[in-house]
S.K.: 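Attaching a single structure in structure tokens format; questions to follow.
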Number of protein chains: 2
Amino acid sequence: MTTPIHQQLRDDVLASVFAPDEPLTEAKLTARYGASRTPVREALQRLEQDGLVERRGKAVVIRTHSAEEIIDIYESRIILEQAAASKAALKATALDKSSLDALLLKMRGLDINDGPTLAATNRAFHTQLWHATHSPSLISLLERLDQQVRRYTLTTLTYPGRWPVVLADYAELLAAIGENNPELAGQVAARHMSEALAIRLKMYAADPTTL
Amino acid sequence: MTTPIHQQLRDDVLASVFAPDEPLTEAKLTARYGASRTPVREALQRLEQDGLVERRGKAVVIRTHSAEEIIDIYESRIILEQAAASKAALKATALDKSSLDALLLKMRGLDINDGPTLAATNRAFHTQLWHATHSPSLISLLERLDQQVRRYTLTTLTYPGRWPVVLADYAELLAAIGENNPELAGQVAARHMSEALAIRLKMYAADPTTL
DNA sequence: TTGCATATCTATGTATACAATCGTATGCAG
DNA sequence: CTGCATACGATTGTATACATAGATATGCAA
């Protein structure tokens, strides 16, 4: 039931088009997207339920997360990524596996300094992995968590020396999935995500303003 | 941003007031709740995002889940309940612990045959446990999963011999939380939820119509 | 000048009119 | 009788008018 305006607005929010304190008034959005208030309101409501915006008093504003909240979400995600990796090791089809292999191959060829492409491809890899679980509930939960913090693009991928480790982790992960070893796959995923969180915390400690 | 009509409609849906194939037309709901189409539409949209209703073609109908889908949700819930128990063992305050103790005490005094009360109190216990994690993301994910299958009230609690085991499990769980043992707490929770799923599967195998 | 009361203005909440669409019934032809 | 085309009806999608509330500015009095 995702309307065009909902997609546009969500994309704009995720692309940080709006400032965190800028009120998203319905009038402004109707002008911007050329629709009437009704679809705009519905889009806003969906974004609110997705945790992307929040009501502050009467106004709707971009939702920001404290460092604690981001860490909390990240910790939940570690749990779910581990579970997803395990389940993927049990449920992945040959097609799933070859898609993941192809993605990893693609990632190996990327420019290590092209942050946005790295981030996008990395996300594609994760998404593909989630789908390899063939578990609608896991997919939905992970998409939800990811979306909530996607705006905080301080990705760990460009952290010095990180990218090769990421590629190695993924290779190990795919190997575990390839041989249907759920424990190992889950363990690798958990370690990988935990390291990402650790780097994130380190970056935050070094400069708390760059969430 | 939860409107009165949204609450009423959700309560009615969770109480199985509507048949799974009955179209929830906006006209019918405006009449039932005495509001105009706009708030009704917003309520329907929220329920759709929560996975309680779905659009079938143009109509909105109660969302039903296949046995596979219910099992899938249950498996995800096992993961999250384990995580929640672990985190509760780390984060629960003295107040959290005493609230849980009080709830368990209350559960011990319940009539073993009063299914609805058993289910309600059991849910209260779980909810309290979730909150003891002080993790907004975990709470939100668990509430989401719970809500999606709450209508399938075929609770395992009235299965012969189950209730005493439940009470024993909870006592063990609270003990683990009391001594801040996250591994044990998580393990107990996982075992508890897995057994519940196993019973559910057994009940389903015996009579596939009673989801 | 400060404090409060009040008026006004702006944005949202609600109702309803209008448009578009989907499903269905109906009629006609083969 | 069956198949398809068409027209109609019901329901949702969209726009807008109206109601309401919250914030802010204004003016008066102390």
Side-chain angles (χ1 to χ4, degrees), chain A residues 1-65 140 143 147-148 151, chain B residues 1-66 140 147-148 151:
Chain A
M1 188 260 169
T2 179
T3 72
I5 169 167
H6 166 239
Q7 287 184 352
Q8 293 179 47
L9 182 53
R10 188 191 52 196
D11 290 346
D12 284 346
V13 167
L14 290 177
S16 296
V17 167
F18 308 102
D21 283 335
E22 178 186 1
L24 302 181
T25 68
E26 295 172 3
K28 195 188 313 181
L29 300 178
T30 56
R32 182 179 177 96
Y33 301 109
S36 77
R37 284 182 57 209
T38 308
V40 165
R41 283 176 64 82
E42 299 198 341
L44 279 176
Q45 196 187 320
R46 293 205 51 164
L47 293 195
E48 185 190 355
Q49 253 201 299
D50 288 338
L52 271 61
V53 302
E54 68 183 343
R55 309 192 91 81
R56 205 145 67 202
K58 203 155 145 173
V60 172
V61 297
I62 299 294
R63 169 147 179 204
T64 59
H65 297 83
S140 144
E143 281 177 345
Q147 200 175 228
Q148 289 189 14
R151 272 185 317 108
Chain B
M1 190 257 168
T2 178
T3 72
I5 169 167
H6 166 239
Q7 288 185 350
Q8 292 177 50
L9 183 53
R10 189 190 52 195
D11 289 347
D12 283 347
V13 168
L14 290 177
S16 296
V17 167
F18 306 103
D21 284 333
E22 177 186 3
L24 301 181
T25 68
E26 294 171 3
K28 195 190 311 183
L29 299 178
T30 57
R32 181 181 176 96
Y33 300 109
S36 77
R37 282 182 58 208
T38 308
V40 165
R41 282 176 64 82
E42 299 198 342
L44 278 176
Q45 197 186 318
R46 293 205 51 163
L47 293 195
E48 184 189 357
Q49 252 201 300
D50 287 339
L52 271 63
V53 301
E54 68 184 342
R55 310 191 91 82
R56 206 144 68 201
K58 202 155 146 174
V60 172
V61 297
I62 299 295
R63 169 145 181 208
T64 59
H65 297 82
S66 66
S140 142
Q147 200 175 226
Q148 289 190 13
R151 274 185 316 109

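We name chains A, B, ... by the order of the sequence lines, and we start the count at 1 in each one.
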S.K.: Could you tell me whether the side chain of B/L9 reaches within less than 4.5 Å of the side chain of B/R32, counting heavy atoms only?
M.R.: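 A side-chain contact is absent here, since even the closest heavy-atom pair is not under 4.5 Å.
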S.K.: What integer distance in Å separates B/R55:CZ from C/dT21:P?
M.R.: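 My rounded result for the distance is 16 Å.
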S.K.: With heavy-atom distances below 4.5 Å as the criterion, would you say the side chains of A/I62 and A/E22 are in contact?
M.R.: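 With C-beta onward as the side chain, the pair stays apart.
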S.K.: Take the protein atom CD1 of A/I5 and the nucleotide atom C1' of D/dG13, then report the distance between them rounded to whole Å.
M.R.: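 One finds 13 Å between C1' of D/dG13 and CD1 of A/I5, rounded.
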S.K.: Check whether any side-chain heavy atom of A/L44 lies under 4.5 Å from a side-chain heavy atom of A/E26, and answer yes or no.
M.R.: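 A side-chain contact under 4.5 Å exists here.
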S.K.: Salt bridge check, B/R10 against B/D50: does any charged N sit closer than 4.0 Å to a carboxylate O?
M.R.: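 Salt bridge between B/D50 and B/R10, a charged N being under 4.0 Å from a carboxylate O: no.
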S.K.: Under the side chain to side chain contact (heavy atoms under 4.5 Å, CB included) criterion, do B/L29 and B/R37 qualify, and how do the steps go?
M.R.: CA-CA 8 Å; B/L29 299 178; B/R37 282 182 58 208; over 6 Å; no
S.K.: Rounded to the Å, how far apart are A/L29 CG and D/dA15 C1'?
M.R.: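 Computing the A/L29:CG to D/dA15:C1' distance gives 16 Å.
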S.K.: Identify all pairs in which a protein N or O lies below 3.5 Å from an N or O of nucleotides 8-10 of chain D, and state each distance.
M.R.:
none

S.K.: Just do the side chain to side chain contact (heavy atoms under 4.5 Å, CB included) check on B/L52 and B/R63 with the steps written out, would you?
M.R.: CA-CA 5 Å; B/L52 271 63; B/R63 169 145 181 208; 5.9 Å; no
S.K.: For DNA chain D, find the residues of residues 30-44 of chain B with a heavy-atom distance under 4.0 Å and give them by number; none if there aren't any.
M.R.: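 Going residue by residue through residues 30-44 of chain B, the ones with a heavy atom under 4.0 Å of DNA chain D turn out to be B/R37, B/R41.
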S.K.: Would you tell me if any nitrogen or oxygen in the side chain of A/R56 comes within less than 4.0 Å of OP1 or OP2 on C/dA11?
M.R.: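 For C/dA11, neither OP1 nor OP2 has a side-chain N or O of A/R56 closer than 4.0 Å.
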S.K.: Are side-chain heavy atoms of B/T3 and B/R46 found at a separation under 4.5 Å?
M.R.: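 Result no, sub-4.5 Å side-chain heavy-atom pair not found.
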S.K.: Return yes if some donor-acceptor pair links the side-chain N/O of B/Q45 with the main-chain N/O of A/E42 below 3.5 Å, else return no.
M.R.: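 A pair under 3.5 Å: yes.
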S.K.: Pick the closest DNA chain D nucleotide for B/A59 and for A/G57 by heavy atoms, then say which residue is nearer the 5' end.
M.R.: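 Final value for this comparison: B/A59.
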S.K.: Nearest whole angstrom, please: distance from the C1' of C/dT16 to the CD of B/E26.
M.R.: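 Atom-to-atom, B/E26 to C/dT16, this comes out as 13 Å.
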